[in-house]
Visitor: 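Provided herewith is a single structure, encoded as structure tokens, for subsequent inquiry.
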Amino acid sequence: MQKLTKDFFLNDSVTNVAQELLGKVLFTNINGNISSGIIVETEAYCGRDDKACHAYNGKITKRNEVMYAQGGIAYVYLCYGMHNMLNVVTNTAGHADAVLIRAVEPLEGLSYMLARKQTSKIERISSGPGNVCKAFGIELIHNETDFGGNELWLEENPTHFDFEIRASTRIGVDYAGDDAKRLWRYSIKDNKWVSK
DNA sequence: TCGACGATGACCT
DNA sequence: GGTCATCGTCGAA
């Protein structure tokens, strides 16, 4: 098992990182309960010129300031009053880029995921950004968590496998005008854990 | 202070 | 296809 190194996150191209994160493994250790899963769907957000991004045009608020930090930490925020969203902050300090983790294929800790979601249905338990956080126990307190730590981290996939990347438009960003048309949502083609 | 609004998901017809 | 739960954040007042 090999954790992703710091320079993985410092890449200047957030769309490259979003694609490279596919196939990587997300881990959480919540009160000693370890869950993991393969990232199968991501979306890129770029502060510099992307209206869909919370940090568009240099906007800085208490919520999004973590996006301006050096890459390699988590940006977690509450959406619609009930769903947490997990983002991976990328690029060097001062560049507000982040990758939203939209769907994961479960590996370990399925029983913890079922318990957190209070369900017995495995189907789509970690498909969709709100479900990823719920299943993995990620909450607002994990905002700014360093991916180099032992609570929330990312690893290379120990099993090498080939897959085709599918690019499509991002979800729920219609307000962003032309930027909503960007093909910045990436998924592993034909993977059943990709969100609908 | 206060009102409007989400980078959603579950369940309904 | 449609509705609605639910609350932190933002920006206007």
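Letters A, B, ... mirror the listed sequences (proteins, then strands); counts begin at 1.
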Visitor: Please check the phosphate of B:dG9 (OP1 and OP2 only) for any side-chain N or O of A:Lys117 closer than 4.0 Å.
Guide: no
Visitor: How is the base pairing of DNA chain C summarised as a dot-bracket string, given the Watson-Crick and G-U wobble criteria with both distances under 3.5 Å, [ ] for crossing and | for another strand?
Guide: |||||.||||||.
Visitor: Between A:Tyr80 and B:dG6, is there a contact of a side-chain N or O with OP1 or OP2 at under 4.0 Å?
Guide: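 No.
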Visitor: Is it true that A:Ser195 and A:Glu41 share a donor-acceptor pair across their side chains at a distance under 3.5 Å?
Guide: yes
Visitor: Tell me which residues in residues 40-54 of chain A put a heavy atom below 4.0 Å from DNA chain B, sorted by number, or none.
Guide: A:Tyr45, A:Ala52, A:His54
Visitor: Using the closest heavy atom to pick a nucleotide of DNA chain B for each, name whichever of A:Arg124 or A:Val99 lands nearer the 5' end.
Guide: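 Taking each residue's closest nucleotide, the earlier one in sequence belongs to A:Val99.
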Visitor: Give a yes/no on whether any side-chain N or O of A:Lys59 is located under 4.0 angstrom from OP1 or OP2 of C:dC10.
Guide: no
Visitor: Under 4.0 Å from OP1 or OP2 of B:dA7: is there any side-chain N or O of A:Tyr175 that close?
Guide: yes
Visitor: Hey, are A:Asn131 and A:Lys117 close enough side-chain-wise for a donor-acceptor pair under 3.5 Å?
Guide: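 Yes, side-chain donor-acceptor contact under 3.5 Å.
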Visitor: B:dA10, OP1 or OP2 - any side-chain N/O from A:Asn131 closer than 4.0 Å?
Guide: yes
Visitor: Can you measure A:Ile171 atom CD1 to B:dG6 atom P for me and round it to whole angstrom units?
Guide: 16 Å
Visitor: What is the distance, to the nearest angstrom, from the OH atom on A:Tyr56 to the P atom on C:dT9?
Guide: 24 Å
